[in-house]
Amino acid sequence: MPELPEVETTRRGLAPLLTARRIVALHVHDARLRWPVDPALPAQLRGQSIRAVERRAKYLLLRLDRGTLILHLGMSGSLRVLPAGTPRLAHDHLDLLLDDGRLLRLNDPRRFGCCLYTEAAPETHPLLRHLAPEPFDPAFTAAALHALTRRRRVTIKQLLMNGRLVTGVGNIYASEALFRAGVRPGRAARSLTRAESTRLWRAIRTVLRLAIRAGGTTLRDYVNPAGSPGYFRQKLYVYERAGQDCRRCGTPIRALVHGARSTYYCPQCQQ
DNA sequence: ATGGGCACCTGGCTGC
DNA sequence: TGCAGCCAGGTGCCCA
């Protein structure tokens, strides 16, 4: 799925199309997502206007008049804005009909995504409450990242992918950030020096920023709201490049598995 | 508190 | 050609 850059690209694509639009109806074609779509949801949303399209970690938040729609794209989800009446394809789950004759359509083959609604402050929602600060929030500093790594026995890659500690970084960008920082993914988090933590902090922000600029990374499913893929895949240094030459030093990239997730690194550039 | 492993799904690819 | 096996961008939950 979509990691932070793909969700942010989606948010930026949706915001101008959805902001100030009124919801005419919600059609649920297939309620089976990570959690079933609440049968009461269409009645709750009808008539509300979309005030803002925000993002928290990898969640999209549609701020409505009375509440917030919380969307997650899971591993394979995507959102498109289409003219009403566009024929449905396999795995189209939801259509949010808008007052301008368009609709917001959620497609998610693997059904790991979700669509939830709350009328409480979204930051208090159980799914959002424990999330770490955003990578571009002033609270996420090199010193804060270094402090997180102290006394932790998990690998630094697993730490990066733990949303309670760092948000927005998934399997692709964890490998890419560690390459840029020159740190091997299998290192115990607590073994990082302050200088390494600082390099990693900078690398996380750089790789996310560059990926957003490229419209995210499309491996298989991901498309932005206009239906276009992201172009960061061509800029990846290590992810899915096992056996290929390191772009920096020429050494073959290695792959290994951490916590059931594929990990890629350059044995020469990363120590 | 921390960490490990499993679970939830479908589809696409590989190799026999 | 068919089919089994494996892998895929996330993350909540249960258990030690």
Side-chain angles (χ1 to χ4, degrees), chain A residues 1-11 29-37 55-60 70-79 89-93 106-116 125-132 147-178 185-191 204 207-208 211-212 214-224 229-243 255-264:
Chain A
M1 150 166 280
E3 303 183 33
L4 185 149
E6 294 73 39
V7 180
E8 177 62 19
T9 300
T10 298
R11 190 198 69 76
H29 308 296
D30 184 351
R32 297 174 304 162
L33 289 170
R34 176 155 200 185
W35 297 284
V37 179
R55 179 187 57 72
R56 176 71 177 105
K58 300 171 193 169
Y59 292 91
L60 275 169
I70 302 173
L71 297 167
H72 197 288
L73 301 179
M75 291 276 263
S76 59
S78 57
L79 286 163
L89 301 174
H91 312 301
D92 283 340
H93 289 263
L106 172 68
N107 181 281
D108 186 1
R110 290 177 70 183
R111 296 198 253 133
F112 288 169
C114 67
C115 175
L116 303 170
H125 191 279
L127 291 177
L128 307 183
R129 195 186 312 165
H130 301 290
L131 292 172
L148 284 177
T149 63
R150 299 303 84 188
R151 293 174 18 185
R152 287 195 184 261
R153 313 180 94 91
V154 284
T155 66
I156 186 60
K157 177 170 183 257
Q158 288 171 307
L159 184 148
L160 292 183
M161 293 175 63
N162 180 342
R164 292 185 175 214
L165 304 176
V166 176
T167 59
V169 179
N171 206 36
I172 298 176
Y173 301 113
S175 281
E176 293 297 311
L178 286 161
R187 291 264 302 278
R190 61 179 182 175
S191 77
I204 290 166
V207 76
L208 293 177
I212 291 168
T217 303
T218 296
L219 298 177
R220 280 160 275 276
D221 303 305
Y222 174 74
V223 290
N224 70 19
Y231 296 104
F232 196 67
R233 187 176 194 177
Q234 298 142 251
K235 309 218 171 137
L236 297 174
Y237 279 94
V238 291
Y239 190 82
E240 281 198 334
R241 295 196 66 244
L256 48 76
V257 175
H258 279 144
R261 311 303 296 278
S262 295
T263 302
Y264 303 86

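Sequence lines set the chain letters: A, B, ... in the order given, protein chains first and strands last, and positions in each chain run from 1.
- Taking the side chain as every heavy atom from C-beta outward, A:Leu127 and A:His72 never approach each other to under 4.5 Å.
- Annotation: side-chain hydrogen bond (donor to acceptor under 3.5 Å, both in side chains) contacts of A:Asn162 (sequence neighbours excluded): none.
- Taking 4.5 Å as the limit, some side-chain heavy atom of A:Ile212 sits within range of a side-chain heavy atom of A:Leu4.
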Could you list the protein-to-nucleotides 14-16 of chain C atom pairs, N/O on both sides, closer than 3.5 Å?
none

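- If you check every strand for non-hydrogen atoms under 4.0 Å, A:Arg261 touches a base.
- In the set C:dG12, C:dA8, C:dG10, C:dA8 carries the atom at the smallest distance from any side-chain atom of A:Arg220.
- Separation of atoms CD (A:Glu8) and CG (A:Leu60) is listed at 8.5 Å; rounding is to 0.5 Å.
- Note: CD (A:Glu6) to P (C:dA8) measures 17 Å, nearest angstrom.
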Would you sort out whether A:Thr9 and A:Phe232 count as a side-chain contact (heavy atoms from CB on, under 4.5 Å), showing the intermediate values?
-> CA-CA 12 Å; A:Thr9 300; A:Phe232 196 67; over 6 Å; no
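- Screening A:Arg153, A:Lys157, A:Gln158 for a side-chain hydrogen bond (donor to acceptor under 3.5 Å, both in side chains) with A:Thr155, the sole residue that qualifies is A:Gln158.
- Taking every heavy atom of both residues into account, A:Asp108 and A:Leu33 meet most closely at OD2-CD2, 4.0 Å.
- Between atom CZ of residue A:Arg152 and atom CZ of residue A:Arg190 there is a gap of 12.0 Å, rounded to the nearest 0.5 Å.
- At a threshold of 4.5 Å between non-hydrogen side-chain atoms, the residues A:Thr218 and A:Val223 do not count as touching.
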Summarise how protein sits on nucleotides 1-14 of chain B as a single string, 5' to 3': B when a protein heavy atom is under 4.0 Å from the base, S for sugar-phosphate-only contact, - for no contact.
-> -SSS---BBBS---
Annotated structure of DNA chain B as dot-bracket, pair cut-off 3.5 Å, Watson-Crick or G-U only, | for inter-strand, is .|||||||.|||||||
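- Rounded to whole Å, the distance from CZ on A:Arg164 to P on C:dG12 is 8 Å.
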When you compare the protein's N or O atoms with those of nucleotides 3-7 of chain C, which come within less than 3.5 Å of each other, and at what distance?
none

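- Listed by chain and residue number, A:Glu6, A:Thr217 satisfy the side-chain hydrogen bond (donor to acceptor under 3.5 Å, both in side chains) test with A:Tyr173 (two or more places apart in sequence, or in another chain).
- Close to C:dG12, at under 4.0 Å from its OP1 or OP2, lies a side-chain N or O of A:Tyr59.
- Annotation: the span from A:Leu256 atom CG to A:Arg261 atom CZ amounts to 13.5 Å, rounded to 0.5 Å.
- Taking atom CG on A:Leu33 and atom C1' on C:dG12, their separation rounds to 15 Å, with Å as the unit.
- Looking at A:Ser76, its side chain does come within 3.5 Å of a backbone N or O of A:Arg110 through a donor-acceptor pair.
- Going from atom CG of A:Asp221 over to atom C1' of C:dA8 covers 9 Å, rounded to whole Å.
- The CG atom of A:Leu160 sits 15 Å away from the C1' atom of C:dG10 (whole-angstrom rounding).
- Across B:dA1 and C:dT11, the matching P atoms stand 23 Å from one another, rounded to whole Å.
- The NZ atom of A:Lys58 sits 13.5 Å away from atom OG1 of A:Thr10, with the distance rounded to the nearest 0.5 Å.
- Between the side chain of A:Arg56 and the backbone N or O of A:Leu131, at least one donor-acceptor pair lies under 3.5 Å.
- No engagement by A:Tyr173 is indicated, since no non-hydrogen atom pair under 4.0 Å with the nucleic acid exists.
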